[in-house]
Amino acid sequence: MTTPVALTIAGSDSSGGAGIQADLKTFAALGVYGASAITALTAQNTRGVTGIHAVPAEFVAAQIDAVFSDLDVGAVKIGMVAQAASIDAIAATLSRWKPRHIVLDPVMVATSGDRLLAAEAVEALRKKLMPLASVITPNLPEAAALLDEAVAASEAEIESQGRRLLALGCRAVLIKGGHGEGAESIDYLVSAEGTIALAAPRVATQNTHGTGCSLSSAVAAGLAKGEVLEQAVRNAKAWISAAIAAADRFSVGHGHGPIHHFHKFY
């Protein structure tokens with residue numbers, strides 16, 4: 001029996017709703033064994049981030065090497081990278097191990113509005129990590145920030161930004177519509193084959209902490225299990241929509257609470 005394995009390279013969320021903790025919960029919920037390489041420790045809760053302690057870049061690389069030298073990693077998810085030195089280390093290490101699939105979530109700002117990526121590191125992310133990615137998963141503000149443009153306000157503008165992001169070297173772009181408006185939350189999967197719109201009812205809840213982390217991890221879980229990208233994205237969208245819809249079953253914290261990763265089980 002082959003056990004599907006996914007590796008998350010991201011920051012730790014001390015409140016458990018986002019980052020490494022959300023990624024490992026997502027992998028477990030979807031039947032994938034999760035490994036992790038931590039890029040930063042954050043002091044945060046549902047109200048915001050009060051501190052960030054970056055892990056030295058060489059130790060980030062050491063964690064990745066330790067995992068790949070022993071585990072058969074089917075997919076990698078990259079989340080919060082914190083600093084340019086870590087981006088260099090991650091890019092060099094993954095270029096050496098050549099994983100089959102890399103899902104890059106270009107985390108720049110937390111749900112609370114706190115910045116998680118130094119401004120000077122954005123260019124390194126564009127040049128070093130995006131060309132390695134099977135798919136990148138920016139939300140609307142992140143897609144705009146990666147292109148130094150205004151946030152897209154129409155389907156045509158979203159697709160246009162997706163095309164320009166593709167030109168930066170990644171193989172596909174999933175632009176998430178959670179920051180948009182309207183009765184539906186529509187994500188757009190843009191690749192050389194075309195654009196696919198994936199819609200789900202917009203859920204009225206403030207409990208959305210960790211949504212982006214969890215969606216990208218769900219895509220990575222699907223890829224680790226052998227799904228093709230479109231199927232992995234469709235399954236991830238359905239799962240994250242259900243996790244958001246079930247979020248109000250929880251009463252955790254006093255700000256943006258977590259989604260319900262294990263909604264299928266309790």
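All figures in this text were calculated on a predicted structure; none of them were measured in a lab. FYI, side chains are in, hydrogens and waters are out, and symmetry mates aren't considered; it's all heavy atoms of this structure.
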CA sep, side-chain torsions, deciding dist, call: Val203, Ser241, side chain to side chain contact (heavy atoms under 4.5 Å, CB included): CA-CA 8 Å; Val203 178; Ser241 297; over 6 Å; no
Closest non-hydrogen atom pair, [X] against [Y]:
| X | Y | value |
| --- | --- | --- |
| Ala84 | Ala124 | CB-CB, 4.4 Å |
| Gly19 | Asp13 | N-CB, 4.4 Å |
| Asn207 | Pro258 | CB-O, 3.8 Å |
| Gln83 | Ala54 | NE2-CB, 3.6 Å |
| Ala40 | Val55 | N-CG2, 3.8 Å |
| Ala57 | Ala89 | O-CB, 3.6 Å |

Evaluate the criterion side chain to side chain contact (heavy atoms under 4.5 Å, CB included) for residue pair Thr211 and Asn139; output intermediate values, then yes/no. CA-CA 11 Å; Thr211 304; Asn139 57 34; over 6 Å; no
Do [X] and [Y] share a hydrophobic cluster, counting only Ile, Leu, Val, Met, Phe, Trp and Tyr and linking them when any side-chain heavy atoms are less than 4.5 Å apart?
| X | Y | value |
| --- | --- | --- |
| Val76 | Leu129 | yes |
| Val233 | Ile102 | no |
| Val103 | Leu215 | yes |
| Met130 | Leu223 | no |
| Phe250 | Phe265 | yes |

Within the structure provided, determine whether [X] and [Y] are in side-chain contact (heavy-atom separation under 4.5 Å).
| X | Y | value |
| --- | --- | --- |
| Leu125 | Pro106 | yes |
| Thr42 | Met80 | yes |
| Tyr188 | Glu155 | yes |
| Asp65 | Arg96 | yes |
| Ser15 | His209 | yes |
| Thr26 | Asp23 | no |
| Tyr33 | Leu71 | yes |
| Ile9 | Gln63 | no |

Quick one: do Thr39 and Ile20 satisfy side chain to side chain contact (heavy atoms under 4.5 Å, CB included)? Show the steps, please. CA-CA 9 Å; Thr39 60; Ile20 288 284; over 6 Å; no
Does the side chain to side chain contact (heavy atoms under 4.5 Å, CB included) test come out yes or no for Arg164 and Leu168, once each step is laid out? CA-CA 7 Å; Arg164 288 197 289 285; Leu168 295 177; over 6 Å; no
Looking only at atom types and distance, does a side-chain atom of [X] sit under 3.5 Å from a main-chain N or O of [Y], one as donor and one as acceptor?
| X | Y | value |
| --- | --- | --- |
| Lys77 | Val219 | no |
| Lys128 | Ile90 | no |
| Ser160 | Ala156 | no |
| Arg47 | His256 | no |

As an exercise, state the distance from [atom1] of [X] to [atom2] of [Y], rounded to the nearest 0.5 Å.
| X | Y | atom1 | atom2 | answer |
| --- | --- | --- | --- | --- |
| Gln21 | Thr8 | CD | OG1 | 9.5 Å |
| Ile240 | Asn235 | CD1 | CG | 13.0 Å |
| Leu104 | Thr137 | CG | OG1 | 7.0 Å |
| Ser14 | Gln44 | OG | CD | 6.0 Å |
| Ile87 | Ile78 | CD1 | CD1 | 9.5 Å |
| Arg163 | Thr195 | CZ | OG1 | 4.0 Å |

Give a yes or no on this: more than 12 heavy atoms of other residues, nucleotides or ligands lie within 6.0 Å of atom CZ of Phe262. yes
Look at the rings of His263 and Trp239 and say which category their plane angle falls in: under 30° parallel, 30 to 60° tilted, over 60° perpendicular.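 Plane angle between 30° and 60°, so tilted.
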Qualifying residues under side-chain contact (heavy atoms from CB on, under 4.5 Å), relative to [X], sequence neighbours excluded:
| X | answer |
| --- | --- |
| Ala6 | Phe27, Val32, Ala224 |
| Asp72 | Arg100 |
| Leu41 | Ser12, Ile38, His53 |

Taking salt bridge (charged side-chain N to carboxylate O under 4.0 Å, His left out) as the test, write out the residues that go with Glu123, two or more places apart.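 Partners of Glu123 by the salt bridge (charged side-chain N to carboxylate O under 4.0 Å, His left out) criterion, ordered by chain and then number, come out as Arg126, Lys127.
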Among all residues two or more places apart in sequence or in another chain, which pass the salt bridge (charged side-chain N to carboxylate O under 4.0 Å, His left out) test with Arg171? none
My understanding is that only one of Leu147, Leu140, Val173 makes a side chain to side chain contact (heavy atoms under 4.5 Å, CB included) with Gln161; could you say which? Leu147
By the salt bridge (Lys or Arg N to Asp or Glu O under 4.0 Å) test, which pairs, at least two apart or in different chains, include something from residues 27-46?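 Qualifying pairs, neighbours excluded: none.
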N-O pairing of Asp105 and Lys176 below 4.0 Å: yes
